[in-house]
Trainee: 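Shown below is the structure under consideration.
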Amino acid sequence: DYKDLVSQNLLMLVLTVPGEKMMDPDFGVGARRYLFENLDNSVLQSFQTDLMRQVQRYMPFLTIQRVQFVSAQTHADIVNENYLGIRIYYFNRAMKIANSLDVPVAN
């Protein structure tokens with residue numbers, strides 16, 4: 001359905017590295033680029049800025065509400081110390097629904 005399609009398109013936007021898509025080299029956030037960065041506010045802010053810019057250009061019907069890095073350091077219920085994920089909370093203005101997307105970056 002449309003809700004799943006939006007989530008899938010957002011996932012592709014987040015995971016695609018800029019330059020990877022031949023017909024549109026500006027497409028993509030490149031979440032894996034943040035994999036080996038220290039988890040601090042500047043990294044989160046940089047990712048969030050890139051994400052907002054990309055969503056505004058390619059998915060302007062979405063509003064990003066919050067972005068959160070998810071790891072064993074930030075969530076006590078995660079037992080795998082090597083896990084890193086990104087949780088994106090967004091609002092789809094076209095459908096008037098809120099949703100979230102979990103993006104596993106490393107396991």
Side-chain angles (χ1 to χ4, degrees):
D1 66 344
Y2 183 69
K3 182 179 171 183
D4 292 337
L5 179 63
V6 169
S7 289
Q8 181 66 27
N9 287 343
L10 182 58
L11 179 64
M12 291 301 105
L13 185 67
V14 170
L15 293 178
T16 301
V17 176
E20 186 176 359
K21 189 173 180 183
M22 298 290 275
M23 300 304 284
D24 190 354
D26 296 328
F27 180 87
V29 176
R32 289 198 188 338
R33 295 184 301 170
Y34 297 91
L35 186 59
F36 295 104
E37 299 291 331
N38 289 326
L39 286 180
D40 62 17
N41 286 337
S42 67
V43 172
L44 179 58
Q45 188 62 43
S46 177
F47 175 81
Q48 191 166 343
T49 300
D50 289 346
L51 176 64
M52 299 283 214
R53 188 176 311 122
Q54 290 290 313
V55 166
Q56 185 176 32
R57 180 172 179 183
Y58 294 102
M59 302 180 82
F61 54 90
L62 293 184
T63 299
I64 303 299
Q65 297 173 316
R66 187 171 57 148
V67 178
Q68 188 177 44
F69 280 104
V70 180
S71 71
Q73 294 173 347
T74 61
H75 290 76
D77 58 326
I78 296 177
V79 293
N80 182 352
E81 291 184 20
N82 296 320
Y83 178 83
L84 175 64
I86 302 169
R87 185 168 293 144
I88 302 169
Y89 297 91
Y90 63 93
F91 182 74
N92 184 331
R93 293 188 311 274
M95 294 182 66
K96 297 183 180 8
I97 58 170
N99 202 357
S100 66
L101 174 69
D102 286 324
V103 182
V105 179
N107 286 324

Trainee: For Gln54 versus Gly28, what's the shortest heavy-atom pair and its separation?
Mentor: OE1-N, 2.9 Å

Trainee: Against Ile86, only a single residue in Leu101, Val70, Val67, Leu15 fulfils side chain to side chain contact (heavy atoms under 4.5 Å, CB included); can you say which?
Mentor: Val67

Trainee: Does Gln56 have any side-chain contact (heavy atoms from CB on, under 4.5 Å) partners at least two apart in sequence or in another chain, and if so, which?
Mentor: none

Trainee: With the 4.5 Å side-chain cut-off for hydrophobic clustering, are Phe27 and Met22 part of the same group?
Mentor: no

Trainee: Using the side-chain hydrogen bond (donor to acceptor under 3.5 Å, both in side chains) criterion, which residues pair with Asp102? Sequence neighbours excluded.
Mentor: Arg87

Trainee: Does Ser42 offer a backbone N or O that forms a donor-acceptor pair with the side chain of Ser46 under 3.5 Å?
Mentor: no

Trainee: Given side chain to side chain contact (heavy atoms under 4.5 Å, CB included), test Val6 with Asn9 step by step and report yes or no.
Mentor: CA-CA 5 Å; Val6 169; Asn9 287 343; 5.8 Å; no

Trainee: Leu51 and Val14: which non-hydrogen atoms are nearest, and at how many Å?
Mentor: CD1-CG2, 3.8 Å

Trainee: Where do Tyr58 and Asp26 come nearest, in terms of heavy atoms and distance?
Mentor: OH-C, 3.7 Å

Trainee: Applying side-chain contact (heavy atoms from CB on, under 4.5 Å), can you list everything that pairs with Asn99, at least two apart in sequence or on another chain?
Mentor: Lys3, Ser7, Tyr90

Trainee: Going from CD1 on Ile88 to CD on Gln48, what distance comes out if it is rounded to the nearest 0.5 angstrom?
Mentor: 9.5 Å

Trainee: To check you understand the geometry: which heavy-atom pair defines the closest contact between Arg57 and Asp24, and what is its length?
Mentor: NH2-OD1, 4.2 Å

Trainee: My understanding is that only residues two or more places apart in sequence, or in another chain, count here; which of them pass side-chain contact (heavy atoms from CB on, under 4.5 Å) with Ser100?
Mentor: Tyr89

Trainee: Residues in side-chain contact (heavy atoms from CB on, under 4.5 Å) with Gln8, at least two apart?
Mentor: Leu11, Met12

Trainee: Mind listing the closest non-hydrogen atom pair of Arg93 and Thr63 along with its distance?
Mentor: NH1-OG1, 2.5 Å

Trainee: Using salt bridge (Lys or Arg N to Asp or Glu O under 4.0 Å) as the criterion, list what pairs up with Arg53, not counting sequence neighbours.
Mentor: Asp50

Trainee: From Asp4 CG over to Asp1 CG, what is the distance, rounded to the nearest 0.5 angstrom?
Mentor: 4.5 Å

Trainee: Could you report the tightest heavy-atom contact between Ala98 and Phe91, atom names first, then the distance?
Mentor: N-CD1, 3.8 Å

Trainee: State, yes or no, whether a side-chain contact exists between Leu10 and Val55 at a heavy-atom distance under 4.5 Å.
Mentor: yes

Trainee: Are Val17 and Val103 connected, step by step, through hydrophobic side chains (Ile, Leu, Val, Met, Phe, Trp, Tyr) whose heavy atoms are closer than 4.5 Å?
Mentor: no

